[in-house]
Amino acid sequence: MTLNVLGIRHHGPGSARSVVRSLERLRPDLVLVEGPPEGDPLIPLVGSPELVPPVALLCYAVAEPERSAFWPFASFSPELAALRWAEANDVRSRFCDLPAATSLAWKPPRAPRSRRRVDPIAVLATAAGHDDPERWWEDLVEARGVADEALFEAIGEAMAALRGAEPHDREEAAREAAMRQAVRDARKEGHVHIAVVCGAWHAPSLTGTFPSQAADKAILKGLPKEKVAATWVPWTTGRLAQQSGYGAGVDSPGWYAHLHDEPLDPVPGWLARTARVLRQEGLDCAPAGSVDAARLADALAALRGRPLPGLAEVTDATLAALCDGDPSPLRLVHRRLVVGEGVGRVPDDTPALPLVADVRSHQRRLRLPVTEQPKVLEIDLRQPLGLDRSHLLHRLRLLEVTWGQPSRSLTGTTGTFRETWRLAWDPALEVALVEASVWGTTLEPAATARASDLAWSAGSLTELTDLVQRTLLAELPDAVVHVVAALEVRAAVATDVHHLLAALPPLVQALRYGTVRRTDGAAVGRVVDGMVARSAAGLVVACISLDDDAAADTAEAVRAADRAVGLLATPRHLVPWRAALRDLAASGSVHGLVCGRAARLLLDATALTAEEAARLLGRTLSPGEPPARAAAWVEGFLSGSGLVLVHDDQLFGVLDRWVSLLPEDRFTEVLPLLRRTFSTFGAPERRALGDRAAAGGTAATATDTGPENDLDQARADLVVPTLRRLLGL
Amino acid sequence: MGGDLTDQPVLRRHAEQEFAGELAALAAGDDRERPPGWRLSPWAVVTYLLGGNAADGSNVTAKYLGDRRLMEVAVATLATDRALLLLGVPGTAKTWVSEHLAAAVSGDSTLLVQGTAGTGEESLRYGWNYARLLAEGPSEAAIVPSPVMVAMQRGAVARVEELTRIPSDTQDALITILSEKSLPVPELQSEVQARRGFNVIATANNRDRGVNELSSALRRRFNTVVLPLPATVEEEVEIVRQRVAQLGRALGLPEVPPALEEVRRIVTVFRELRSGETEDGKARVKSPSGTLSTAEAISVVGNGIALAAHFGDGEIRAGDVAAGIVGAVVQDPVADAVVLREYLETVVRERDGWLDLYRALRDHL
């Protein structure tokens with residue numbers, strides 16, 4: 001009858017190797033692994049080739065799935081290695097920790113797991129004179145090429161010296177009592193050789209003579225319980241790097257996986273992979289460079305007194321020898337290799353996920369039946385039910401579960417209180433939901449996590465503004481904080497005013513609808529402030545050197561941005577924006593179309609008096625200006641509506657005079673441009689203009705006392721037929 | 001007369017002279033393994049650079065204030081016989097570090113080639129004593145060795161300053177030296193082979209425009225260490241303040257009261273524009289095309305002092321430094337002006353007590 005306690009470091013590749021080697025030698029008939037016993041039925045799945053780490057064991061309260069805990073396992077996790085060894089060798093294995101039913105009932109939702117008062121590794125490292133416990137453990141245990149049970153014994157002894165036999169708190173006492181009870185039960189069942197794989201910290205409580213069974217039962221008696229379900233979920237290496245169910249994440253899962261796969265001489269292989277990543281990004285990186293980097297890493301390890309180069313040495317060597325001291329390619333290496341981009345997979349016969357169940361319950365509560373037949377849904381956002389439905393659909397869209405597609409209203413209503421969706425459930429969406437489970441166990445936190453992640457990886461400013469809208473629509477206040485923060489960062493360094501202009505309207509839209517949607521727009525408001533200021537500062541420079549097509553796009557963008565700024569209707573936005581438009585309108589080096597549009601926008605906003613507009617128009621139409629630019633200016637100024645000409649004598653006069661004074665060859669040159677402009681007007685407008693031109697021709701009969709009264713009738717008559725032709729009358 | 005002059009102390013002593021005591025104390029207590037040709041072990045070299053205590057307990061001053069990691073990489077590089085390239089903007093102590101490294105490793109920091117556009121191959125390889133060459137024909141005695149050649153013969157560290165200012169063709173003369181560790185002398189049908197301990201430390205400015213980029217073949221012979229700008233405002237303000245005081249004395253400027261607050265503002269503006277975010281980390285800003293190094297901050301403050309002393313009321317005010325700041329930031333008249341204007345409107349304007357600077361800068365923009 002033997003009991004071997006293998007005290008490990010969670011997520012330690014060295015521990016994983018040592019565990020497997022020890023199990024090979026010990027050949028136990030039962031392997032107990034630290035973890036919630038609710039996971040026992042799921043253990044056989046670890047032997048399936050379809051289970052690809054990283055994966056996590058997920059336990060959640062059936063009544064409230066958002067109260068959940070993950071136990072993530074990577075390929076280099078000793079626990080998973082032990083379970084897989086047991087499956088492969090037909091040895092029984094089970095989890096031996098406190099049931100999740102108890103730990104979940106104890107743990108308030110989303111609170112960090114209670115921390116040990118002492119970090120055992122840190123105390124040992126300090127005692128050994130090392131300031132960095134992680135690296136000390138790595139040197140001593142993880143980076144060892146060879147390890148054996150003597151190591152586990154030594155670790156057990158060290159921990160015993162460190163913590164004494166007494167557990168620190170109630171939770172720890174209960175957990176260790178549960179582990180001992182599991183050992184007793186196993187013995188009762190007739191197991192003879194038992195191996196326990198648990199965190200090194202717990203090893204001393206399982207060695208030597210156990211306290212009486214009655215004492216342990218007393219500890220475990222009356223602990224809170226609730227109904228808990230468990231399943232495997234796919235995990236990502238990126239999330240391994242974060243805080244996890246064990247209370248300790250790893251900073252460099254990719255490096256650990258590499259140490260696990262290539263334990264004997266990890267550095268050359270690692271540097272070769274680094275060189276490949278750099279080459280894929282088009283960076284010049286010769287194989288000779290990897291050799292030099294390896295030598296530098298060795299020299300650094302020697303200088304720092306380490307037995308083998310660790311990640312710190314390899315990274316420093318990569319920076320100096322492969323990246324020419326430039327840290328930006330190194331960040332790429334960090335993301336692609338040190339953290340890694342691996343995503344786990346779980347077998348198809350894994351039990352259903354809580355996120356799926358949560359979405360189903362929402363669908364029932366909101367009376368949205370799932371059908372494959374497309375169906376159109378009109379939502380009134382003023383009704384609580386409508387608002388909830390809209391949130392559900394928007395959140396699902398954020399998770400790439402495109403059950404609903406926003407569409408055009410059938411009744412033609414376009415009010416801000418309405419939304420129209422086209423709903424169709426496709427079996428592929430089930431898969432999408434399972435994939436989305438990696439983001440959370442219930443819909444709202446999952447969508448929040450996904451949106452925050454999207455925010456920080458968004459490629460462009462427009463993507464981000466789009467995301468702001470989507471998160472506001474999905475009512476995810478926590479995500480909005482992230483998205484807006486990312487947007488602030490992106491907007492501040494956006495070099496392209498065109499992007500800023502394009503991003504403004506949707507943001508302002510989001511701000512305005514905030515009231516309907518009852519979301520907090522303050523954060524968005526701050527970003528808008530910055531964007532207006534930046535757009536205004538760079539507007540004129542950004543509009544220089546545009547060709548005709550680009551000018552048309554820019555003029556449209558300026559118009560949309562102006563409308564957005566106008567909607568804000570606050571002086572702190574309007575003043576700098578209008579000042580910028582004024583500079584733009586008066587600029588001689590910007591494409592005429594954009595200048596004209598800027599002048600028109602100012603005029604419409606009464607930020608420009610008719611006299612000023614006439615002066616601008618007059619200056620542009622003066623002989624010094626190339627007629628093509630002048631015509632473009634007129635197009636920008638008049639496009640969409642010629643009413644301004646109908647109602648303003650001065651402007652009409654200036655334009656009229658310019659046309660009539662054009663030399664013939666110039667006239668033929670600009671005629672198509674002018675025709676294009678005037679053809680955009682409605683027929684009544686054109687008729688009014690024609691009448692006006694005709695009236696101008698017969699100034700004597702006009703009742704007004706405008707300057708055209710001074711017209712030379714004979715000369716004016718000459719213009720009228722031309723204007724008529726021009727206006728298509 | 002002549003005797004009097006030579007008795008005068010030299011203006012500046014070499015590192016190995018200035019810190020001879022520290023080097024001796026470190027060498028005496030250094031029982032670690034020394035790479036061939038080294039005066040000290042790598043551990044002792046790192047201690048010499050970063051400060052600490054020698055084995056006999058005597059104090060070793062810190063020569064470099066900053067990241068220990070960088071100095072470790074630099075020393076480890078020299079120990080692996082790869083050449084070391086120190087990169088950084090002006091004022092990041094590249095030359096200083098290279099001098100002290102050479103002093104600690106070889107006990108000699110004088111094997112120096114100053115790189116300029118006019119540096120020829122003879123500065124990196126060897127030249128000829130033409131009188132002798134004509135009289136005796138090519139011979140060992142007629143060769144004028146370069147500092148690099150001397151370093152090879154002695155097994156010492158040679159220094160090349162401002163490597164990227166040397167024309168590319170000339171730079172490539174280093175390739176053979178660094179990879180073959182030998183320098184052929186075809187005229188004598190012989191070669192000079194480097195002794196163990198030979199290595200090269202080069203420095204270069206990594207943000208200067210219009211320089212001769214290293215060929216990738218040469219670049220591969222170097223491990224690169226980038227020396228960063230001062231990590232904190234306090235550190236940088238202190239550097240600027242000290243250097244301005246020295247400069248002011250050297251130029252004989254009238255005494256102007258130390259305007260620490262103004263220095264701090266200038267350093268803050270430079271740091272923020274350089275790093276692309278505000279010091280409090282709350283907002284991002286765009287960076288202009290110029291370097292905005294500590295050295296330029298020093299010159300702006302110096303300029304401001306001159307203006308204040310000669311044309312102002314004797315105290316540095318925002319108006320005295322505004323022109324200097326604009327001049328330093330706006331290198332590209334269009335793009336940089338936008339950057340600065342944005343920075344003014346979004347950052348400077350909002351900041352308490354900066355209104356005078358905001359107005360002064362706007363006037364100059």
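Neither the backbone nor the side chain of B/Val339 comes within contact range of chain A; no heavy atoms are under 4.5 Å apart. Contacts of A/Ala302 with chain B are made by backbone atoms alone, with heavy-atom separations under 4.5 Å and no side-chain atom involved. Contacts between B/Val285 and chain A at a heavy-atom distance below 4.5 Å involve the backbone alone (N, CA, C, O). Within the 4.5 angstrom heavy-atom criterion, atoms from both the backbone and the side chain of A/Ala321 approach chain B.
Other residues, nucleotides and ligands place no more than 12 heavy atoms under 6.0 Å from the CZ atom of B/Arg196. Crowding of B/Arg351 atom CZ: a count of heavy atoms from other residues, nucleotides or ligands under 6.0 Å exceeding 12. Crowding of B/Arg362 atom CZ: a count of heavy atoms from other residues, nucleotides or ligands under 6.0 Å not exceeding 12.
Counting heavy-atom pairs under 4.5 Å between each of A/Gly325, A/Ala299, A/Ala320 and chain B puts A/Ala320 at the top. Here B/Glu72 is the residue among B/Arg341, B/Glu345, B/Glu72 with the most heavy-atom pairs under 4.5 Å with chain A. Ranked by heavy-atom pairs under 4.5 Å with chain A, the list B/Arg82, B/Arg220, B/Glu33 is led by B/Arg82.
Side-chain contact check for B/Thr77 versus A/Leu296: some heavy-atom pair is nearer than 4.5 Å. The side-chain heavy atoms of A/Thr315 and B/Arg69, taken from C-beta on, include no pair separated by under 4.5 Å. Counting only heavy atoms from C-beta outward, the side chains of A/Asp324 and B/Arg219 approach each other to under 4.5 Å.
Here the closest non-hydrogen pair linking A/Ala533 and B/Thr346 is CB-CG2, 4.2 Å. Contact between A/Leu303 and B/Pro42 at its shortest, heavy atoms only, is CD1-CB, 3.3 Å.
Side chain of A/Arg295 to main chain of B/Thr80: a donor-acceptor pair is present (N/O by atom type, distance under 3.5 Å, no hydrogens or angles).
Between atom CG of residue A/Leu319 and atom OG1 of residue B/Thr224 there is a gap of 8.5 Å, rounded to the nearest 0.5 Å.
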